[in-house]
Amino acid sequence: MIYAVKEISVNRFREQGDPLLTRAQVWAGLQRKARNGVPFIPAMTRCQVVEDTEAGLIRDVAIRGKAARERVTFYPPKKTVFTRLSGPADGVIVNEILEGPDGELKLRFSFALQLVDVDSGSPEERHFSSHMCDDYSSAVDAVLVEIRREVKASRL
C-alpha cells in the first residue's frame with residue numbers, strides 16, 4: 001500500500017498580487033477539479049464525466065497514460081473523495097479543506113493506493129510510488145495556482 005499526505009496553507013505563501021482565497025472559492029475549485037482535472041493536475045491528460053450521481057459523479061481519467069475510473073463523492077463544503085473503481089491501482093484519494101483555530105485555510109490531499117496485480121514492496125510498486133508521490137506533491141500546488149487563475153478571471 002502506498003500512502004502520502006500533503007497539507008499546505010491556502011493563503012500564506014502566495015505570489016505578489018495573488019488574491020486571498022475564501023473557503024467558497026477553494027470548494028468551487030475542488031468541484032471544478034473533480035469535473036475536469038486536466039487543468040489542475042499536471043500528470044492528467046484526460047478527464048471525462050460519465051455519470052452524475054446524487055452525491056457526486058463517476059469519471060474516466062488518464063494519468064501518465066494509464067486509464068482509470070473513479071467515483072467522486074462530494075462532502076460540501078469540506079472534502080471530495082475519489083475512489084478508484086478500475087485502473088492500475090485501487091484505493092482512495094481525499095482532497096480536504098481545513099481551517100485552523102486561527103481561521104487559516106489549509107488544503108490537505110491524501111491518498112492510499114494499492115497496485116493491482118503487483119506485489120507489495122516490489123520494484124514495480126516502488127517505481128509507481130515514486131512517480132505517484134511526485135505527481136501528487138506537484139498537484140496540490142498546481143490546484144491552488146489554477147484556483148487563483150480562475151478567481152482572477154472571475155470564473156470562481
Side-chain angles (χ1 to χ4, degrees), residues 1-66 68-85 87 89-114 128-156:
M1 186 69 77
I2 304 161
Y3 301 96
V5 176
K6 182 172 182 181
E7 184 176 303
I8 60 173
S9 171
V10 169
N11 288 308
R12 184 175 293 172
F13 305 105
R14 52 192 173 91
E15 298 291 323
Q16 180 74 18
D18 279 349
L20 284 172
L21 298 177
T22 66
R23 174 184 284 277
Q25 290 167 325
V26 175
W27 175 247
L30 291 181
Q31 290 178 297
R32 276 188 182 226
K33 176 183 165 284
R35 291 203 158 276
N36 180 17
V38 174
F40 295 88
I41 303 168
M44 185 179 286
T45 56
R46 182 172 62 88
C47 183
Q48 178 182 4
V49 174
V50 295
E51 180 183 345
D52 283 295
T53 67
E54 187 174 316
L57 56 94
I58 307 289
R59 69 185 195 170
D60 288 337
V61 299
I63 300 171
R64 289 190 172 270
K66 305 285 185 184
R69 179 164 281 192
E70 298 175 327
R71 177 186 317 109
V72 182
T73 307
F74 297 120
Y75 296 91
K78 293 184 177 187
K79 68 181 173 181
T80 54
V81 177
F82 303 80
T83 304
R84 288 286 172 93
L85 303 176
D90 290 331
V92 176
I93 298 168
V94 178
N95 298 175
E96 189 171 14
I97 304 168
L98 306 170
E99 192 169 329
D102 59 355
E104 180 184 13
L105 284 179
K106 295 182 180 192
L107 189 58
R108 178 170 51 200
F109 284 16
S110 59
F111 72 79
L113 297 173
Q114 175 69 47
F128 177 84
S129 176
S130 172
H131 285 292
M132 185 66 184
C133 290
D134 289 346
D135 289 347
Y136 210 66
S137 182
S138 67
V140 179
D141 298 326
V143 165
L144 283 179
V145 167
E146 182 61 19
I147 290 171
R148 279 200 173 83
R149 191 178 72 73
E150 292 284 309
V151 168
K152 285 179 184 178
S154 299
R155 291 189 288 263
L156 282 181

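Below, each value reflects all heavy atoms present in this structure, side chains not excepted, and no hydrogens, waters or symmetry copies.
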Fill in the blank from the handout: Interatomic distance, CD1@Ile8 vs CG@Leu105, rounded to 0.5 Å, equals 11.5 Å
Fill in the blank from the handout: Output for pair (Phe111 CZ, Met1 CE), nearest 0.5 Å, gives 11.0 Å
Is [X] reaching over with its side chain to a backbone N or O of [Y], donor-acceptor style, under 3.5 angstrom?
X      : Y     : answer
Arg59  : Ala34 : yes
Arg148 : Pro19 : yes
Asn11  : Leu21 : yes

Applying side chain to side chain donor-acceptor pair (under 3.5 Å), can you list everything that pairs with [X], at least two apart in sequence or on another chain?
X     : value
Thr22 : Gln25
Asn36 : none
Ser9  : Glu104

Practice task
Please indicate whether Arg23 has more than 12 foreign heavy atoms, meaning atoms of other residues, nucleotides or ligands, lying under 6.0 Å from its CZ.
Solution key: yes
Mind checking what makes side-chain contact (heavy atoms from CB on, under 4.5 Å) contact with [X], not counting sequence neighbours?
X     : value
Ile41 : Lys33, Met44, Ala139
Ala28 : Leu156
Thr45 : Ala62

Under the salt bridge (charged side-chain N to carboxylate O under 4.0 Å, His left out) test, residues paired with [X] that sit two or more places apart:
X      : result
Asp102 : none
Asp141 : Lys6
Glu150 : Arg32, Arg155
Lys78  : none

Does the side chain of [Y] come within less than 4.5 Å of [X]'s, by heavy atoms?
X     : Y      : value
Ile93 : Phe109 : no
Asp90 : Leu113 : no
Arg35 : Asp52  : yes
Leu30 : Phe40  : no
Trp27 : Ile147 : no

Handout entry: Shortest non-hydrogen contact between Ile63 and Arg84, atoms and distance
Key = CD1-NH2, 3.7 Å
Practice task
Check the pair Thr53, Arg71 against side-chain contact (heavy atoms from CB on, under 4.5 Å), reporting the backbone distance first and the verdict last.
Solution key: CA-CA 9 Å; Thr53 67; Arg71 177 186 317 109; 5.8 Å; no
Exercise for the section: Output all residues satisfying ring pair (Phe, Tyr, Trp, His ring centres under 6.0 Å) with Phe82, sequence neighbours left out; order by chain, then residue number. Expected result: none
Practice task
Quick one: which residue pairs count as a salt bridge (Lys or Arg N to Asp or Glu O under 4.0 Å) with a foot in residues 39-51, not counting sequence neighbours?
Solution key: none
Handout entry: Partner of Glu70 under side-chain contact (heavy atoms from CB on, under 4.5 Å), chosen from Thr83, Val81, Val61, Leu85
Key = Val61
Handout entry: Salt-bridge contact Glu96-Lys79 (side-chain N to carboxylate O under 4.0 Å)
Key = no
